[in-house]
Amino acid sequence: MKLLILDAGHCLSLALAREASRRSDTELVIEPTIHVERERLRAVAPDAVIIPPLAHPLSMAPADVKAHADAVDACLDACLTQGIALVWCVSDQLYEEGFDTAIDEHVVPAPRDECLRRLVQVGDRIRAEYQRHLIVRLGPLFALEGSHAWLNEVIDTLVLGEEVRAAEDVIFCPTSADAVAMALVGVLQQQHCGAAAWGAYHLAGTEPVSAFTFTSMVRTQLSTRLEGRGEKVALGEVKALNHHHDQKLRRVLNCRRVMDVFGVHQKPWRLEVGRLLDTWFLARGELPEASNDVGRGAASS
């Protein structure tokens, strides 16, 4: 199976590259930007094109969101011409106002924000015009490298002793880019073998949590590992932000369909964070002994 991945520097693209390197049944071709010409698509002849998500469209410049939407439109045109499957990953922020209960796949986002509405229009067009598509809605991605990686920025800021601000009143499911990459390759392998289960799917980590609680847990695990190595580092503090004073906003994705159709289970974000912190310490030259159990737990999950 050959996959064409757009936006080479995105944390999900890097995770897909790592996943493909561990397999003999998947070939990747990675483009530097989100733009791909029809001639290039014809030359590569992939089985599917994967477009990584805008991780935080609500906080991006309108022009950047529009440019992304326009690029997805153009990619759809190219895929239609060549009969190539399109996989478009989108942020849970499209559910701008959240839901009291977990959000099912059939619920189409209806945001008030004009930029988010432009992204929804792209999704509407994909669903209406092309059967061979996957719209994959994701919780907030985290990874150690690449754009939109989040976790690397949190770690770097804390180690520098600087304050990290994080919302306490928005509840979501943090999602490991590595876990998404593994799931996407598995899903597309099944599609390649004739599953033909196209449509919208949700992928997210288990255990809804706020950005403040997530960041605080990262700080706690980081501190524990540093202490286990005998390092004294004055980590920065985590400050809670509140934007929704009346009640907490919940963006919790129901990921039942991807499990029922493809057998893909959600990855616990706590184990994924522990595994990535182990990787971060290894890159510094030594794995802290105190974190070994966490690393083994993540590997076996």
Side-chain angles (χ1 to χ4, degrees), residues 10-12 52-65 68 89-103 109-117 119 137-177 180 202-226 233-253 268-270 272-274 276-277 280:
H10 197 288
C11 67
L12 180 56
L54 292 178
H56 307 289
L58 268 174
S59 59
M60 294 182 66
D64 293 337
V65 178
H68 178 88
C89 300
V90 297
S91 166
D92 64 345
Q93 285 193 351
L94 268 65
Y95 294 108
E96 183 182 12
E97 297 183 350
F99 282 77
D100 292 337
T101 59
I103 305 169
R112 292 181 297 176
D113 182 86
E114 183 177 350
C115 291
L116 297 187
R117 288 203 304 270
L119 295 175
R137 303 186 186 114
L138 304 173
L141 289 177
F142 62 87
L144 288 178
E145 58 179 343
S147 60
H148 307 287
W150 186 20
L151 182 61
N152 59 346
E153 298 176 3
V154 170
I155 294 173
D156 291 346
T157 304
L158 290 172
V159 170
L160 288 173
E162 299 176 358
E163 182 180 80
V164 177
R165 298 184 175 188
E168 188 179 28
D169 54 355
V170 178
I171 307 299
F172 46 49
C173 292
T175 308
S176 162
V180 173
H202 290 173
L203 275 173
T206 58
E207 186 186 351
V209 70
S210 70
F212 173 76
T213 300
F214 175 88
T215 306
S216 298
M217 191 280 296
V218 171
R219 185 186 187 281
T220 298
Q221 288 207 21
L222 183 60
S223 176
T224 300
R225 285 162 165 73
L226 288 167
V233 178
L235 297 177
E237 298 298 325
V238 182
K239 180 179 180 180
L241 300 178
N242 287 278
H243 306 290
H244 306 274
H245 301 292
D246 49 349
Q247 62 180 5
K248 293 185 177 182
L249 188 152
R250 294 178 59 85
R251 293 194 190 104
V252 178
L253 302 179
W269 63 260
R270 290 179 184 269
E272 285 292 285
V273 167
L276 290 173
L277 283 174
W280 184 81

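Count residues from 1 along the sequence. Computation of the quantities below employed the complete heavy-atom set of this structure, encompassing side-chain atoms and omitting hydrogens, waters and symmetry-equivalent molecules.
The two residues P174 and W269 come nearest to each other via the heavy atoms O-CB, 3.6 Å. Nearest heavy atoms, A204 versus G139: CB-N, 4.2 Å. The two atoms that bring L54 and V65 nearest to each other are CD1-CA, 4.1 Å, heavy atoms only. Here the shortest heavy-atom pairing between S91 and P53 reads N-CB, 4.2 Å. For the residue pair C89 and L12, the shortest heavy atom distance occurs at SG-CD2, 3.9 Å. Closest approach of L119 and P57 over heavy atoms only: CD1-CB, 4.1 Å.
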| said: Assess the residue pair V159 and L222 against the criterion (side chain to side chain contact (heavy atoms under 4.5 Å, CB included)); give the C-alpha distance rounded to whole Å, side-chain angles, the decisive distance to 0.1 Å, and a yes or no. | reply: CA-CA 9 Å; V159 170; L222 183 60; 4.0 Å; yes
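In this structure, the separation between CZ on R225 and OG1 on T220 is 11.0 Å, given to the nearest 0.5 Å. To the nearest 0.5 Å, atom CE of residue M217 and atom CG of residue L277 are 7.5 Å apart. The line from CG of D113 to CD of Q93 is 9.5 Å long, rounded to the nearest 0.5 Å. Note that CG of L158 and OG of S216 are 9.0 Å apart. Values are rounded to the nearest 0.5 Å. Taken from CZ in F214 to CG in L151, the straight-line distance is 5.5 Å, to the nearest 0.5 Å. How far CG of L235 is from OG of S223: 5.5 Å, rounded to the nearest 0.5 Å.
In this structure the side chain of V238 never reaches within 4.5 angstrom of the side chain of V154, judged on heavy atoms. Looking at H202 and D92, their side chains never come closer than 4.5 Å, going by heavy atoms from C-beta outward. Residues R137 and Y95 have side chains in contact (heavy-atom distance under 4.5 Å, counting atoms from C-beta outward). In this structure the side chain of L253 never reaches within 4.5 angstrom of the side chain of R251, judged on heavy atoms. The shortest distance between side-chain heavy atoms of S176 and F142 falls below 4.5 Å.
Sorted by first and then second residue, the side chain to side chain donor-acceptor pair (under 3.5 Å) pairs involving residues 206-215 (not counting sequence neighbours) are E207-R270, S210-T213. Sorted pairs that involve residues 146-162 and meet side chain to side chain donor-acceptor pair (under 3.5 Å), not counting sequence neighbours, are lacking altogether.
Distance alone, capped at 3.5 Å, places no donor-acceptor pair between the E96 side chain and the L116 backbone. Remark: side-chain polar atoms of T175 are paired, donor with acceptor, to backbone N or O of C173 under 3.5 angstrom.
Take R219 and apply the side chain to side chain donor-acceptor pair (under 3.5 Å) test, not counting sequence neighbours, and it matches E237.
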